[in-house]
2 protein chains.
Amino acid sequence: MAKQFSSYKNPSLAVDLVVFGYHQQELSVLLLNRKDEPFKNGWTLPGGFLQMEETLLEVCTRILKTKLGIDKLYLEQLYTFDEPGRDPRGRVISVAYYALINPHRLAVVAGSMANDVQWFPVEKVPRLGFDHKRIFGQALQRLKSKILYHPVGFELLDDTFTMTELHELYETILGIAIDRRNFRRKILDSEYIVATGTKREGLKNRHPDLYRFNKHLKQNNFQLNIPS
Amino acid sequence: MAKQFSSYKNPSLAVDLVVFGYHQQELSVLLLNRKDEPFKNGWTLPGGFLQMEETLLEVCTRILKTKLGIDKLYLEQLYTFDEPGRDPRGRVISVAYYALINPHRLAVVAGSMANDVQWFPVEKVPRLGFDHKRIFGQALQRLKSKILYHPVGFELLDDTFTMTELHELYETILGIAIDRRNFRRKILDSEYIVATGTKREGLKNRHPDLYRFNKHLKQNNFQLNIPS
DNA sequence: TTACTTTGCGTCATAATAACGCAAACTAAA
DNA sequence: TTTAGTTTGCGTTATTATGACGCAAAGTAA
């Protein structure tokens, strides 16, 4: 590990991941408890160094797979952080990605996750090592703005979901109240989601309609305005 | 130069710049004619390698200063490109920035620019070396979408400008026709610009009103819709 | 002067939005 | 199984935003 920082003239390149999960009206982020210095026993974003001949996305999937036991999910490059001093070990430039995952799907592999990996509600994120607080904040900001015009939030829900679940997801992520009926009209008009025609099983009388993301949507015509 | 690629285990880190300029209803990008292999005599985006202890932004300003003779301008990180093979010399990961400049202000230092630097209208960009066509395309896309909700375009104009000049800037960048009167209403309502109260000098009867960007604008309430 | 263009400011029909009503479907408690 | 309360689906309405375009004063060029 320390080898990475010995005598190279080029800064090291790392990848940091902000993994968001949503469950029960709570947006959480996946943090890692470090076993090594620096920031030993402190919380940080999961991350890793880039190996030669490896793409940044490959680093992401490698980290997700080996450190978190996660297979595949929505990934998007966020920003590249390069403040000198952001890593006490030396000059490390980090390309940050953010990811969205439905913790339901994660449940299967949850057992394989070391107990040094933990979900934290976004309003209860502890002090983070490196400049990870800043990276996290920027990722959250990006998610908030992206959800307004892109169906990114669906990655956080099951394949099928009720209107109420989608509505609550938006309210939770944005941290605001959104009129239920106006939200419904807007999201249905946009055709971002389609009714499945079925009702959810298991309930006594299976009431609420189920929807799924419309994969065949030609183009983005969704624009949720933030009530001021 | 080739030293950069000898025996390091870490990929090299570079910065590439997409410098936009606007003049007379034409949006242009600044390209560099390479003197060295690879792509000798071919056109590329200006760029450079990151030195140890240098921030990415410092690389940007260094390139702008030494290669282009430009002092300061609007700079924004665009994306980090890492496809293996994007640079034939070896593994190079490049952080791309885009910049906006008013060529008027550039005129002073134009003489210091080597004649291997040239403005190209964005629709007449020649074949570019590396993956620079892709970087350029992404930068242009970003500019187009950013201008819809952020007063980024003002960096391309003089300190004071007429409504017509601003209107033409938008039409040029977006490549669409925008109703002059609706544009005026929308941009004035947003308070992104304010009237200077003066008229432009030099004209016989100095007719059109002059505006300037409103520096004291609290928050973004501008949203120019793209007429469909 | 005259003919033409540019600029500033309106109007108006239509669409989008925010606020909210209401009954049927559903749940849980008695 | 009845009753009271909640959730869900679907409207209505007043207000605002938008797109299309009229028009005259200011400016220009012959």
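Atom set for the values below is all heavy atoms of this structure, side chains included, hydrogens, waters and symmetry mates excluded. Letters A, B, ... mirror the listed sequences (proteins, then strands); counts begin at 1.
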Note: K186(B)-D179(B) ion pair, threshold 4.0 Å (strictly below):
no
Answer whether the closest heavy-atom distance between the side chains of Y192(B) and N214(B) falls below 4.5 Å.
no
Rounded to whole Å, the CG-P distance (D179(B) to dT7(C)) equals 14 Å
Within the modelled atom types, does a donor on one side and an acceptor on the other bring the side chain of R185(B) and the base of dG10(C) under 3.5 Å apart?
no
Parallel, tilted or perpendicular, judged at 30° and 60°: which one describes the rings of F20(B) and Y98(B)?
perpendicular
Side-chain N or O of T164(B) versus OP1/OP2 of dT6(C): is the shortest distance under 4.0 Å?
no
Mind calculating the distance between OH (Y211(B)) and P (dT7(C)) to the nearest angstrom?
11 Å
Side chain of P208(A): nearest nucleotide among dC21(D), dT7(C), dT8(D)?
dT8(D)
Rounded distance (Å) that lies between atom P of dA16(C) and atom CD of Q223(A):
13 Å
Quick one: the side chain of R180(B) and the base of dG8(C), do they pair up donor-acceptor inside 3.5 Å?
yes
Out of dC10(D), dC21(D), dG8(C), whichever nucleotide has its closest atom nearest the side chain of R184(A)
dC10(D)
Between P on dA25(D) and CG on D209(B), what's the gap in Å once rounded to a whole number?
17 Å
May I ask you to decide if T162(A)'s main-chain N or O and E165(A)'s side chain share a donor-acceptor pair within less than 3.5 Å?
yes
Please check the phosphate of dG11(D) (OP1 and OP2 only) for any side-chain N or O of R181(A) closer than 4.0 Å.
no
For K186(A) and dA16(C), is the shortest distance between a side-chain N/O and OP1 or OP2 below 4.0 Å?
no
From CD1 of I187(A) over to C1' of dA16(C), roughly how many Å is that when rounded to an integer?
16 Å
Write down the distance between CG (N182(B)) and P (dT11(C)), rounded to a whole number of angstrom.
14 Å
Would you kindly give the CD-to-C1' distance between E168(B) and dT5(C), to the nearest whole Å?
13 Å
Report yes if some heavy atom in the side chain of L75(B) is under 4.5 Å from a heavy atom in the side chain of L17(B); otherwise report no.
yes
Using whole Å, report how far CG of D189(B) lies from C1' of dG8(C).
14 Å
